[in-house]
Amino acid sequence: MSKALTTPDFSTLIKTPSPVVHLDDKVARQAGVSIYVKRDDLLHPEFGGNKWRKLKYNLQACCQQQASGILTFGGAYSNHLLATAAAGAASGIPTIGIVRGEPASADNPTLRRASALGMQLQWVDRATYRQRHSATYWQDLRARYGEVYIVPEGGSNVRALAGVAELVVEMRAQLPRFDVICCPVGSGGTLAGIVGALAGAETAMGISVLRGADYLVREVERLLGVPDLRGRWQINDTYHCGGYARVTRDLVRFCDDFAAHHGIPLEPIYSGKMMYGIFDLISRRRWPPETVLVALHTGGLQGLAGMENRLNALRAGGE
Ligand SMILES: *Cc1c(COP(=O)(O)O)cnc(C)c1O
């Protein structure tokens with residue numbers, strides 16, 4: 001029998017409130033809008049990001065249910081697997097990661113670190129991984145790994161929303177006013193958490209990092225538990241640059257320029273696509289003058305180490 005789990009004190013795991021910084025930017029000035037960045041990438045010194053927000057109440061539930069540990073799913077570069085591994089290591093909760101692909105691709109900085117943090121990694125082929133939302137597969141996993149608390153891929157479930165909502169509450173204390181919160185959308189949990197926390201005239205815009213925004217709209221509605229009747233949010237589908245984890249030279253250039261100019265690093269899978277989209281929309285006058293925008297920096301910078309070669313090839317002039 002494994003030992004009893006105690007609910008971790010989350011304030012020792014991450015540093016909140018994450019800072020909000022104003023961007024002094026010519027494109028925004030010309031359009032008459034203000035833009036701030038909510039720096040959730042700084043929540044944790046090594047792997048900051050939105051996955052901590054989503055984990056908070058899941059870790060709590062895992063401990064309250066006296067599960068034997070957390071089991072979750074991800075790809076070989078998953079920010080979520082790594083945050084789960086780090087949270088587990090810091091709070092004494094055993095972690096199991098079901099990883100899509102071949103052990104051959106295990107030799108990357110993300111999974112090496114997850115493994116060093118004590119996460120037990122289980123490789124599965126694509127067909128098996130496709131069952132990751134199936135109740136029977138979850139039963140099989142529990143039969144194999146014990147009474148684990150299972151968190152879906154990306155950490156997005158209803159409990160994730162309450163953790164994300166806290167960043168909106170923080171922002172109300174940090175800014176006198178904001179009109180639009182922008183965030184990248186991968187599985188939809190972060191956007192759903194933000195939307196659920198909106199008040200007054202605040203709105204949210206998600207920038208999809210993958211093709212198929214229709215599916216994501218339904219997913220956000222499912223997580224929120226109510227159909228979108230309020231017109232408070234939307235998902236923009238034009239900045240995925242070809243699909244999930246696809247990267248173009250323009251995008252990499254944008255991320256490099258942004259980091260050089262503002263001193264804020266971006267990665268091209270999530271935060272880079274979001275910021276690229278926001279600045280393109282600002283230049284197209286998507287928002288009227290006086291609008292106050294906040295871009296949520298969702299972190300993910302740990303993933304840069306595993307893609308340097310690819311990015312350098314693009315920087316050097318490949319397509
Ligand atoms: C997972 C992730 C996202 C996407 O969040 P969802 O809640 O899955 O939509 C955005 N940015 C980073 C850095 C992430 O790791």
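As a basis for the values below, the full set of heavy atoms in this structure was taken, side chains included, without hydrogen atoms, waters or symmetry mates. None of these values were measured; they are calculated from a predicted model. Counting convention: from 1, in listed order, for ligands and their atoms alike. Numbering of residues begins at 1 and proceeds along the displayed sequence.
- Between Y137 and Y129, the side chains place no donor N or O within less than 3.5 Å of an acceptor N or O (distance only, hydrogens not considered).
- Ring-plane geometry between W52 and F10 is classed as perpendicular, the angle between the planes exceeding 60 degrees on a 0 to 90 degree scale with a lower cut at 30.
- With no hydrogens or angles considered, no side-chain donor-acceptor pair links E153 and T72 at under 3.5 Å.
- Residues passing the side chain to side chain contact (heavy atoms under 4.5 Å, CB included) test with S11 are D9, sequence neighbours excluded.
- Under 4.0 Å from any atom of ligand 1, one finds heavy atoms of residues N50, K51, K54, N79, S156, P184, V185, G186, S187, G188, G189, T190, Y270, T298, G299, G300.
- Side-chain N/O atoms of D40 and S18 include a donor and acceptor closer than 3.5 Å.
- Taking CG from N157 and CG from L223, the interatomic distance works out to 8.0 Å, rounded to the nearest 0.5 Å.
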